[in-house]
Amino acid sequence: MSDKIRVRIAPSPSGNLHIGTARTALFNFLYAKKVGGEFVLRIEDTDLDRSSEAFTQNIFDSLKALGLNWDEGPDVGGPYGPYYQSQRFDIYPKYAQMLIDKGYAYECFCSNEELEAEKEEAIKNHSAYVYSRKCLNLTDDEKNELRAKGIKPSIRFKVEHKELVFNDLVKGELKFDTSLIGDFVIMKSNGTPTYNFAVVIDDMLMNITDVIRGEDHISNTPKQILIYEALGAKVPNFGHLGMILAPDRTKLSKRHGATAVSDFVKQGYLTDALINFVALLGWSPSDGVEIKSVDEIAKDFRIHEVSSSNSVFEYDKLNWMNGQYIKKMEIPKLTDMIIPFLSKYDVAKYPREKLEKIVEITREPLTVLSEIEHDASYFFEDNFSYDEVREVLDKDLSKEVIRYVIDNADNWNFDDEDDIHNKLADLRTYFKENKSYKPKETMWAVRAATTGRTRGADMAETLWILGKDRVVERLKSAL
RNA sequence: GCCCCCAUCGUCUAGAGGCCUAGGACAACACCCUUUCACGGUGUAGACAGGGAUUCGAAUUCCCUUGGGGGUACCA
């Protein structure tokens with residue numbers, strides 16, 4: 001058997017890929033890639049009612065978009081399949097039986113009412129709830145009698161009372177008193193495995209060496225270790241990551257807005273920025289350079305250096321980072337990505353060259369791709385309102401500048417950006433020297449008249465894109 | 001109720017006993033650059049939750065309190 005590192009993520013397709021799951025996937029991926037290990041994807045679709053194919057597909061797509069490609073999984077296969085948990089139902093009962101045979105598990109016929117009563121009793125006594133083991137020593141006769149009544153038993157794991165210690169990859173030594181755990185159910189009375197049992201069997205069979213997951217799984221860990229031990233299997237390493245919290249410090253949920261990777265993408269976040277941002281929640285680069293690709297992060301990644309506390313998901317930094325990625329992106333690629341956000345307009349009215357130019361000159365202040373719809377609107381809508389710039393246009397100074405441009409438009413070569421640029425410079429100089437108008441005021445007049453805005457992209461390029469006819473027309477209607 | 005985890009600027013974090021009068025990034029603010037906004041640049045403000053203990057010396061170790069988070073299911 002090789003000692004190659006094997007990690008996995010096991011999302012449940014009861015929703016689109018959650019950003020938190022994406023981070024867990026990332027840390028697993030980084031951990032494995034750093035040492036040339038394998039990254040496995042297993043879909044935990046045991047809960048058939050809540051699982052759906054659309055969600056499964058979303059998980060595939062999101063993971064791929066983030067660059068987290070798996071070596072083994074439902075779609076690509078692998079030597080340890082099947083990778084859909086729902087296709088593995090037949091393998092759990094025999095392991096449960098094995099545990100019963102070895103005395104590590106037993107059948108339980110208790111009703112929900114009985115169990116509830118025990119629980120209430122425990123709370124009343126201010127003590128931990130631990131199953132009473134009422135069914136531990138049932139004789140065969142008693143069991144048959146109960147079975148004859150039509151009662152189907154669940155199977156409980158017999159928890160050995162001891163101090164259980166394991167060394168968590170991120171949190172260090174963790175100790176548990178297993179006498180507080182109570183014999184837990186591993187097979188439900190309907191014959192399906194419980195989560196804690198299924199994961200252990202799957203991870204064991206899939207040869208998973210390291211389990212990195214959210215800290216909401218910490219209390220499952222001792223139970224799972226106990227099962228590994230009873231099975232005589234090698235216990236994997238465990239690492240528990242702090243959770244991602246919303247700004248109100250509760251678990252990040254739909255109530256807080258976007259939670260799925262695909263939601264963020266729809267809003268105009270780039271997957272490169274997203275994954276980079278999420279890596280910084282708990283991990284920090286040794287060289288202080290925060291903008292990094294997954295590959296670069298992998299080189300520098302050490303699981304022991306990951307923060308063990310929770311972190312709050314704030315948009316400020318994500319927005320900044322997304323802006324950084326937008327600025328770095330190749331224009332043709334960016335243009336392709338931006339077109340969907342311009343669906344409100346007739347994009348086809350511009351040749352590709354001008355479309356790319358629009359993207360090039362309007363990308364600078366973008367933080368999220370969707371902002372382009374507003375920022376570039378005046379390139380697509382000719383009958384925009386001047387309300388926003390009324391104040392500017394009402395100034396005599398502005399009217400004068402606008403008239404001057406209209407009168408001299410024939411001298412401008414609107415097919416040549418450089419010429420427009422120079423003419424605008426001349427315009428500023430002219431009004432500054434003859435009328436003492438500030439360059440800013442002169443330009444504001446032109447901008448307001450041609451775009452209906454007081455702010456926006458470079459003026460010369462904007463005029464070039466619009467072309468002489470539309471520029472003159474807009475100047476006139478602004479008066 | 002019981003069990004567990006966590007605790008440095010508003011947020012993400014650096015910091016593994018003296019290098020810390022606590023560093024960086026985002027956000028904020030100011031200034032500079034500039035045809036606007038933005039980008040960029042420079043700077044300002046801003047934190048070791050509280051209390052004990054150990055030590056010559058603690059953000060760093062230990063204990064308590066407080067606060068936050070998670071779990072406590074025949075959900076995953």
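Model, not experiment: these values are computed from the prediction. Throughout, a chain's letter reflects where its sequence line sits, starting with A, and its residues are numbered from 1.
Taking the six-membered ring where the residue is Trp, A:Tyr269 and A:Tyr315 present tilted rings, their angle falling between 30° and 60°. Aromatic ring pairs are classed by plane angle as parallel below 30°, tilted from 30° to 60° and perpendicular above 60°; the pair A:Phe414 and A:Trp412 is parallel.
Applying the side chain to side chain donor-acceptor pair (under 3.5 Å) criterion to A:Asp47, with sequence neighbours excluded, gives A:Arg50. In terms of the side chain to side chain donor-acceptor pair (under 3.5 Å) criterion, A:His18 has no residue partners (sequence neighbours excluded). When the ring pair (Phe, Tyr, Trp, His ring centres under 6.0 Å) test is applied to A:Phe197, no partner is found at least two apart in sequence or on another chain. With sequence neighbours excluded, no residue forms a side-chain contact (heavy atoms from CB on, under 4.5 Å) with A:Ser436. For A:Arg453, the side chain to side chain donor-acceptor pair (under 3.5 Å) partners at least two apart in sequence or on another chain are A:Ser377.
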Sugar-phosphate means primed atoms, P, OP1 and OP2; the rest is base. With that split, encode nucleotides 38-50 of chain B 5' to 3' as B, S or - using protein heavy atoms under 4.0 Å.
-> BSS----------
Let me have a per-nucleotide readout for nucleotides 62-76 of chain B, 5' to 3', with B, S or -, counting only protein heavy atoms under 4.0 Å.
-> -------SSS-SBSB
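When the C1' atom is compared between B:rA27 and B:rC20, the two are found 25 Å apart, to the nearest whole Å. B:rA7 sits 33 Å from B:rU42 when the P atoms are compared, rounded to a whole Å. For the C1' atom pair drawn from B:rG52 and B:rG70, the interatomic distance equals 29 Å after rounding to whole Å. If you take atom P in B:rG10 and the same atom in B:rA49, they sit 11 Å apart, rounded to whole Å. B:rU60 and B:rG69 have their C1' atoms separated by 23 Å, given to the nearest Å. Taking atom C1' in both B:rA59 and B:rG50, the straight-line distance is 14 Å, to the nearest Å. Straight-line distance between the P atoms of B:rC9 and B:rA22: roughly 14 Å, to the nearest whole Å. As rounded to the nearest Å, B:rC64 and B:rC2 have P atoms that lie 15 Å from one another.
A:Ser127 and A:Asn125 share no donor-acceptor pair across their side chains, judged by distance under 3.5 Å alone. Looking only at atom types and distance, the side chain of A:Tyr106 has a donor-acceptor partner in the side chain of A:Asp183 under 3.5 Å away.
Between the C1' atom of B:rC37 and the CD1 atom of A:Ile372 lies a distance of 14 Å, rounded to the nearest Å. Atom CZ of A:Phe238 and atom C1' of B:rC4 are 16 Å apart (whole Å). Atom pair A:Leu281:CG and B:rA14:C1' shows a separation of 16 Å (rounding to whole Å applied). If you measure from atom CD of A:Glu314 to atom C1' of B:rC12, you get 9 Å, rounded to the nearest angstrom. Rounding to whole angstrom units, CD1 of residue A:Ile181 and C1' of B:rC3 are separated by 9 Å. Distance A:Asp426 CG to B:rU35 P: 14 Å, rounded to the nearest Å. For the pair A:Leu226 CG and B:rC3 C1', the computed distance is 15 Å after rounding to whole Å. Across the protein-nucleic acid pair, A:Phe313 atom CZ and B:rU13 atom P stand 13 Å apart, rounded to whole Å.
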Name the pairs: protein N/O against N/O of nucleotides 29-31 of chain B, kept only if under 3.5 Å.
none

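Here A:Thr454 lies in heavy-atom contact (under 4.0 Å) with a base. Using a 4.0 Å heavy-atom distance criterion, A:His304 is classed as making no nucleic acid contact. As judged by a 4.0 angstrom heavy-atom cut-off over every strand, A:Asp458 is placed among the base-contacting residues. Among the heavy atoms of the strands lying under 4.0 Å from A:Leu280 are primed sugar atoms or P, OP1, OP2 only; no base atom is included. Residue contacts shown for A:Gly182 are absent, as no nucleic acid heavy atom lies under 4.0 Å away. Among the protein residues, A:Gly456 comes within range of the nucleic acid bases, having at least one heavy atom under 4.0 Å from a base atom. Backbone-only engagement by A:Phe176 is indicated by non-hydrogen atom pairs under 4.0 Å involving sugar-phosphate atoms exclusively.
Both A:Glu173 and A:Ala457 lie near RNA chain B, and the one whose nearest nucleotide falls closer to the 5' end is A:Glu173. Where A:Lys317 and A:Ser308 each meet RNA chain B at their nearest nucleotide, the meeting point lying more 5' is that of A:Ser308.
Among pairs with a residue in residues 84-100 of chain A, those fulfilling side chain to side chain donor-acceptor pair (under 3.5 Å) read A:Glu44-A:Gln85, A:Asp45-A:Ser86, A:Thr46-A:Gln85, A:Gln85-A:Asp202, A:Arg88-A:Asp202, A:Tyr92-A:Asp202, A:Gln97-A:Asp101, at least two apart in sequence or across chains. Counting only residues at least two apart or on different chains, no salt bridge (charged side-chain N to carboxylate O under 4.0 Å, His left out) pair has a member in residues 270-282 of chain A. Residue pairs meeting the side chain to side chain donor-acceptor pair (under 3.5 Å) criterion with at least one partner in residues 281-293 of chain A, sequence neighbours excluded, are A:Ser286-A:Asp300, A:Asp287-A:Lys292, A:Glu290-A:Lys317, A:Ser293-A:Glu296. Sorted by first and then second residue, the side chain to side chain donor-acceptor pair (under 3.5 Å) pairs with a member in residues 392-401 of chain A read A:Glu400-A:Lys435, A:Glu400-A:Tyr437; sequence neighbours excluded.
Partner assigned to B:rC20 is none, using Watson-Crick or G-U wobble distances below 3.5 angstrom. Across the strands present, B:rA73 finds no partner; the criterion is a Watson-Crick or G-U wobble pair with both atom distances under 3.5 angstrom. With a cut-off of 3.5 Å on both pairing distances, B:rU36 has no Watson-Crick or G-U wobble partner at all. The partner of B:rC29 is B:rG43, judged by Watson-Crick or G-U wobble contacts that both fall below 3.5 Å. Look at B:rU55: it lacks any Watson-Crick or wobble partner with both distances under 3.5 angstrom.
Although no hydrogens or angles enter the test, the distance criterion places no donor-acceptor pair under 3.5 Å between the side chain of A:Arg8 and the main chain of A:Val40.
Closest contact between the side chain of A:Pro439 and the listed nucleotides B:rU35, B:rU11, B:rU13 involves B:rU35.
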